[in-house]
Amino acid sequence: MDRASPLPSTSVQNQTVSESLPLPFLPNELVVEILSRLPVKSLLQFRCVCKSWMSLISDPYFMKKHLHLSTRSTHFTHHRIILSATTAEFHLKSCYVSSLFNSPSTVCDDLNYPVKNKFRHDGIIGSCNGLLCFAIKGDCVLLWNPSMRASKKSPPLGNNWRPGCFTAFGLGYDHVTEDYKVVAVFCDPNEIYSECKVKVYSMATNSWRKIQDFPHGFLPYQNSGKFVSGTLNWAANHPVGSTSLWVIVSLDLHKETYREVLPPDYEKEDCSTPTLGVLQECLCMNYDYKKTHFVVWMMKDYGIRESWFKLVSIPYLPNPEDFSYSGPYYVSENGEVLLMFEFDLILYDPRDNSFKYPRIESGKGWFDAEVYVETLVSPMKH
């Protein structure tokens, strides 16, 4: 008599049942809503799932939706900070901003800088929608999205450089033409009456072109221009008789016209030369007051002088070597401020006047820093 065939195991039964059931259907709109909230690293992996996902993640509409959600994330989950190490070799690291605020220890990723320059420290010009901009020897720029591992190097500026000359750069976005632009203000302090020549690099055309000179009699400081509300803003020096005024010169990136933005009514006589920054997409002004405090003003409504308000005044601890704060780089929802002091990142909490140093694994000593957002914006697609 034939032996009865053994019953299939439970796992085999489950496999048979699962193979017979159709996959749950998700409307495309729901797929878009889910994927657009994921980090870039996951999306780059998910491009390999199927052709439709590859097409979706590469779509310009999806890229803009992901960008919008990432930049406005309430818990800054997509914000990272790039750090340039104070080593002889040019070395870049990156970590999540949220980890610096919330974790006892932060792990940094090593970044593979696209330009091979072992012992040349390229300066960080700024960031815009996930793109980082670096100045290479003052003659060209690199646009780089480290999250996408994509980059583009501009052609040379071709300015007639000589000792004493410098170029003040700025990175921004033209919302009308949907183009990323780098502005280069070439200054020659040797020529007292000469104008500062200005060129604009378009990522779309990968070329430089001349525009109207920097306003007559205004000389920008060597700091980078700050991008706010479609404009680039430079701190500048304006000689008037035997004195000079500290002013803010603004360039509209689409109209390519200049204007002066008025600063708040601040303690000019007792402070250092102010610098500009950007926090929460607002223009900021920072300075040392009597070498006892670091003061940060914020312009809530761009271009409206009455909207300036004093955001925070950070005390200096006993400081025998006369270091100054750098930044601020970020302000959390509860008001904590991320700065740099003596080549280390530091957090200041105005609620109890306390300081703490975020612990970063395998990293210490930073020369420069810039906050950027993880996005799908690629310099190669323009």
J.: Is the backbone of L35 close enough, under 3.5 Å, to the side chain of H66 for a donor and an acceptor to pair up by distance?
T.: no

J.: Nearest 0.5 Å, what's the CD-CG distance between Q45 and L38?
T.: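 Nearest 0.5 Å value for the CD-CG distance: 10.5 Å.
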
J.: Might you work through the side chain to side chain donor-acceptor pair (under 3.5 Å) test for Y348 and N353, ending with a clear yes or no?
T.: CA-CA 7 Å; Y348 171 70; N353 259 4; 2.2 Å; yes

J.: Do any N or O atoms from the side chain of W246 and from the backbone of P274 form a donor-acceptor pair under 3.5 angstrom?
T.: yes

J.: Is a side-chain donor or acceptor of K181 paired with a backbone partner of L253 at a separation under 3.5 angstrom?
T.: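 Flag set: sc K181 to bb L253 pair under 3.5 Å.
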
J.: Within the side chain of W208, is there an N or O that forms a donor-acceptor pair under 3.5 Å with the backbone of S154?
T.: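 No.
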
J.: Run I57 and F62 through side-chain contact (heavy atoms from CB on, under 4.5 Å) and show every step you take.
T.: CA-CA 6 Å; I57 295 169; F62 180 84; 4.3 Å; yes

J.: Give a yes or no on whether the backbone of E195 and the side-chain of D213 come within a donor-acceptor separation of less than 3.5 Å.
T.: no

J.: Would you give the length of the straight line joining atom OG of S105 to atom CD1 of I360, rounded to the nearest 0.5 angstrom?
T.: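 Result: 9.0 Å between the selected atoms.
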
J.: List the steps and the verdict of side-chain contact (heavy atoms from CB on, under 4.5 Å) for C95 and I81.
T.: CA-CA 6 Å; C95 65; I81 187 167; 3.7 Å; yes

J.: Can you check whether H68's main-chain N or O pairs, donor with acceptor, with T71's side chain at less than 3.5 Å?
T.: yes

J.: Has the side chain of K199 got a donor or acceptor atom that lies under 3.5 Å from a matching backbone atom of L157?
T.: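 Checked: pair present.
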
J.: Under 3.5 Å, is there a donor-acceptor pair between the side chain of Y302 and the main chain of G230?
T.: no

J.: Please determine if K268 forms a cation-pi arrangement with Y266, meaning its NZ or CZ atom is less than 6.0 Å from the six-membered ring centre and no more than 45° off the ring axis.
T.: yes

J.: Are the side chains of V97 and Y329 in touch, meaning some heavy atoms are under 4.5 Å apart?
T.: no

J.: Is there a donor-acceptor contact under 3.5 Å from the side chain of N334 to the main chain of E336?
T.: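 Present.
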
J.: Let me confirm one number: the CG-OG1 distance from N223 to T275, rounded to the nearest 0.5 Å.
T.: 6.5 Å

J.: Applying salt bridge (Lys or Arg N to Asp or Glu O under 4.0 Å), name anything that partners D288, two or more places apart in sequence or on another chain.
T.: none

J.: Working to the nearest 0.5 angstrom, can you tell me the gap between L232 CG and F169 CZ?
T.: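 Output value for this atom pair is 12.5 Å.
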
J.: Considering all heavy atoms of both residues, which atom of A85 and which atom of H121 are nearest to each other, and what is their separation?
T.: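 Distance-wise, the nearest heavy atoms are O-CE1, 3.6 Å.
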
J.: Count the heavy atoms belonging to other residues, nucleotides or ligands that lie under 6.0 Å from CZ of F309, then report whether that count exceeds 12.
T.: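 Yes - once you tally the heavy atoms of other residues, nucleotides and ligands closer than 6.0 Å, there are more than 12.
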
J.: Any side-chain heavy-atom pair from V296 and V337 closer than 4.5 angstrom?
T.: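 V296 does not reach V337 side chain to side chain.
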
J.: Working to the nearest 0.5 angstrom, can you tell me the gap between E260 CD and N233 CG?
T.: 11.5 Å

J.: Contact between C282 and M299 at the side-chain level, heavy atoms closer than 4.5 Å - yes or no?
T.: no

J.: Please tabulate, for the side chains in residues 131-148, all donor-acceptor contacts under 3.5 angstrom to protein atoms that are two or more places apart in sequence or on a different chain.
T.:
from, atom 1, to, atom 2, distance (Å)
D139, OD1, G158, N, 3.3
N145, OD1, S147, N, 2.9
N145, OD1, M148, N, 3.2
N145, ND2, T375, O, 3.1
N145, ND2, V377, O, 2.6

J.: Out of T231, D174, D179, which one pairs with H254 under the side-chain hydrogen bond (donor to acceptor under 3.5 Å, both in side chains) rule?
T.: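 It is D174; the other options fail the test.
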
J.: Is there a side-chain contact between E178 and Y173 (heavy atoms, below 4.5 Å)?
T.: yes

J.: Heavy-atom count around D265 CG within 6.0 Å, excluding the residue itself: above 12?
T.: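 No - once you tally the heavy atoms of other residues, nucleotides and ligands closer than 6.0 Å, there are 12 at most.
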
J.: Minimum heavy-atom separation for Y289 and V295, please, with both atom names.
T.: CB-CG2, 3.9 Å

J.: Where the side chain of N237 meets the backbone of Y221, is there a donor-acceptor pair that is under 3.5 Å apart?
T.: no

J.: Just say parallel, tilted or perpendicular for the rings of F214 and Y258, cut-offs at 30° and 60°.
T.: perpendicular

J.: Got more than 12 heavy atoms from elsewhere within 6.0 Å of NZ, K41?
T.: no

J.: In this structure, which one of T77, L43, V40, L67 forms a side-chain contact (heavy atoms from CB on, under 4.5 Å) with E374?
T.: V40

J.: Taking the six-membered ring for Trp, is the centroid-to-centroid distance between Y325 and Y316 below 6.0 Å?
T.: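 Ring-ring flag for Y325/Y316: true, centres closer than 6.0 Å.
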
J.: Mind checking whether Y96 and F76 have side chains closer than 4.5 Å, heavy atoms only?
T.: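 Not in contact.
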
J.: Which atom names give the shortest non-hydrogen contact between R305 and P263, and what distance separates them?
T.: NE-O, 2.6 Å

J.: Find the distance between CG (L283) and CH2 (W297) and round it off to the nearest 0.5 Å.
T.: 13.5 Å

